[in-house]
Amino acid sequence: MAFESRLTALLNKKKWIIPLLFAFMCFYAVATILATELKLAFGSSPLDPKFAFSIGGEVCATIVAIMMTISLLPSYKRQGSYTRIFVTLLTAGCSLMFFDSMQMLIDGEADFALMNKILSICVFSVESFFVFFFWVYATYALKNDSKTTDIFNYVLSALCVIFVLIPFVNLFYPLYFTIDEFGIYHRNHDTWWICRIFMILVAICVIISIFLSKESRKTKLVISVFMGLPFAAIAGGGFQYGLSITYTTMMVSLVLIYVMQFSDTERDLYSTNRELGLATNIQKNMLPSIFPAFPDRKEFDIYALMSPAKEVGGDFYDFFLIDDTHLGIVMADVSDKGVPAALFMMASKIMIQNFTLLGQSPKQVLESANKQICMNNQLEMFVTVWLGILDLKTGIITATNAGHEKPIIKQPGKDFEILNDKHGFVVGGFASTKYSEYEIKLEKGAKLFLYTDGVPEATSSEGQFGMERTVETLNKLQAEDPSNLVKHMKETLDQYVGNNDQFDDITMLCLEFKGCDSDIISYEFPAEVNNIDAMLDPIISTLETMNVEHKTVHQIHLSLEELFANVANYAYCPDKGNIHIEFEIKKDPKELVVKIVDEGKPFNPLESEEPDFTTSVQDRKIGGLGLFIVKKTMDDIKYVRDGNKNVLVIKKKL
Amino acid sequence: MNLKPQKNNDKLVLAVEGRIDTTTAPALTEFFQNEMNDVKDFELDLAQVDYVSSAGLRAILLAQKIMEKQGKMVVSHVCKEVMETFELTCFTDFLTII
């Protein structure tokens, strides 16, 4: 194993390395500044302005390196060894600048000649190590693992050891420099260049690597451009001993390389975040989120809210009108979170809604959905669902609970109470799961609160929010309308959780049942012609007390008499039977709805032949006129054969 | 419903009082079937009628059929509501309404 790979392995393994390196850098900065002050205060010779300039630059570069290390803290996990190598490189650079600065400060102090010697050796030694580490970093950035790179690695690792040791020759023989009796450093111009050999070798290797690399052109460009910078500085520094900007330039170029590289990664991260954001939006838009949701429906008020813990959540709520008088309500929680849960949630939501709209009961819907989900559930995800269908006329909810949290219900004049409903198994568990359904009647003014486990399990330092507190809070808010109730509940939860992270999706739904705004009157008569007036009377007198336009009443009278007469004359002939009549006056918009039910022979009046008005009077048939009048004057007629019943519903705007 | 016929040779004026609906129309039909034998000029006076159901319409249609064979028929004093029913069912096409 090459020296290089041992080094990276060590860096990745030991957790304390980064803090240690960071501590070193801080020490360098502080020590250099203190040493400069000592030199200025007690130094025997004045500080050369060239030295002062260089030291200033080096201290600044060290501080930049420290700041860089701090700013990289969040990316250690994400970027892994790349960041670790980079921080090590920064520390090596800082060490180099530290020794360089110290050497410059001590230069000319006769008493510290030996110290000067040692520091100078350190500078040369660390310089080689730093240069070698730049190679390591470049290889890593270029993602080279060709054989050539391996060979370079071995050669440079070996040379690195040699060149780190060579400066120590200076202890016995003035290879690179001499220190005179005044403690002043002198370069040995004959052999000084040896220290540059390694640097040039590394540069050549890096350049070859750049050519070999399959990385993007940009990465190559970045590394080559910024490698050029310190070499230019070295070239410049060679002319003027003392003006040592080389190391500073190296450091700055390093920081620049990293920033350029890092901006790429950040851009990738940004696009991922953006896509997640889009997913969140799509998910949010999947849920009905425009409130008031049914501004023209006075029978109920509904409000719901979902606040995902991650970008996309696994909770969902849903509500939709199945027909004019039935509202489907769903509250569900997918077993997982994040993108997979969101996808699963979408599929579940659509399935549940579609099966419900097909007219299935909650029990049937969940059984159908469960079967479908189980068929292709490789991730073994599941979803807990509470599904209810509210009859808006009667307030009766037919519901099925598939492993979901118990609904909390407040009947008028009472407090919110947890409904201990029967739980079935979760949806997506076993294909054969059977569900049961139950009915609960909401009185006028009753409120239904549905939620996911994110509510009682909202956690602060005091523990979980809990069911008790949930019910307590609901009771404090019981006078509020659904929208305010849910919003205040969320605020209470937010306050409770405080600065802790929300770890689960929080979803809440509140429905207030206000009751039907019109009352249905129903009655029954034997289907006989003599009873027609009695059948008509309740309806006609109601209309008359309402001051409905005379013409309209007349039309209604004509039509209803016709329909009643039809039933009386034909439905049961020759047997006898009853006619059941239901009517209601809807208020918004004003409309009369009459339902006529008989158990006679199947007869669809809508299919009756229209009278032919073109024939001569003699050929004109006498049938069909009545139904023609009904069709002409009423706004809507619907016929259903329901079992053994003829059901006819007519509507007329008032 | 009351029927008040006034016969003068072959002219008959039948004043109807009340509603002509499912229950009462059969009486009218019966009248037309039995009492129109030698009538050549027939006037159906609906001044006291504010309601004619489809059963009533059928009776009136019957009268029209009979009278087309043996003379003429007019309908008089038709109120607004009944007129609407006549219009709706195109009875205005063949009835002579004065």
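Chain letters run A, B, ... following the sequence lines, proteins first, then strands; residues in each count from 1.
Contacts of A:Thr633 with chain B are made by side-chain atoms alone, with heavy-atom separations under 4.5 Å and no backbone atom involved. Contacts of B:Glu81 with chain A are made by both backbone and side-chain atoms, with heavy-atom separations under 4.5 Å. Contacts of A:Leu558 with chain B are made by both backbone and side-chain atoms, with heavy-atom separations under 4.5 Å.
Between A:Phe603 and A:Asn566, the shortest heavy-atom distance links the atoms CE2-ND2, 4.3 Å. B:Ser76 and B:Glu43 make their closest contact through OG-OE2, 2.7 Å (heavy atoms, listed as atom of the first residue, atom of the second, distance). Residues B:Met1 and B:Thr24 approach most closely at CE-O, 3.4 Å, considering heavy atoms.
In this structure, B:Leu88 CG and B:Leu57 CG are separated by 9.0 Å, a value rounded to the nearest 0.5 Å.
Identified under the side chain to side chain donor-acceptor pair (under 3.5 Å) test for residues 641-653 of chain A, with sequence neighbours left out: A:Gln555-A:Lys652, A:Asp598-A:Asn646, A:Tyr639-A:Asn646, A:Arg641-A:Asn646.
Ring orientation note: the planes of B:Tyr51 and A:His554 are nearly perpendicular, at an angle over 60° on the 30°/60° scale.
Within residues 546-553 of chain A, the residues having any heavy atom closer than 4.5 Å to a heavy atom of chain B are A:His550, A:Lys551, listed by residue number.
A:Glu599 places no side-chain N or O within 3.5 Å of a backbone atom of A:Tyr572 that could act as its donor or acceptor partner. Listed for the A:Glu562 side chain is no donor-acceptor partner under 3.5 Å among the backbone atoms of B:Ser53.
Chain A forms more heavy-atom pairs under 4.5 Å with one residue of B:Gln64, B:Lys69, B:Glu84, B:Lys80 than with any other, namely B:Glu84.
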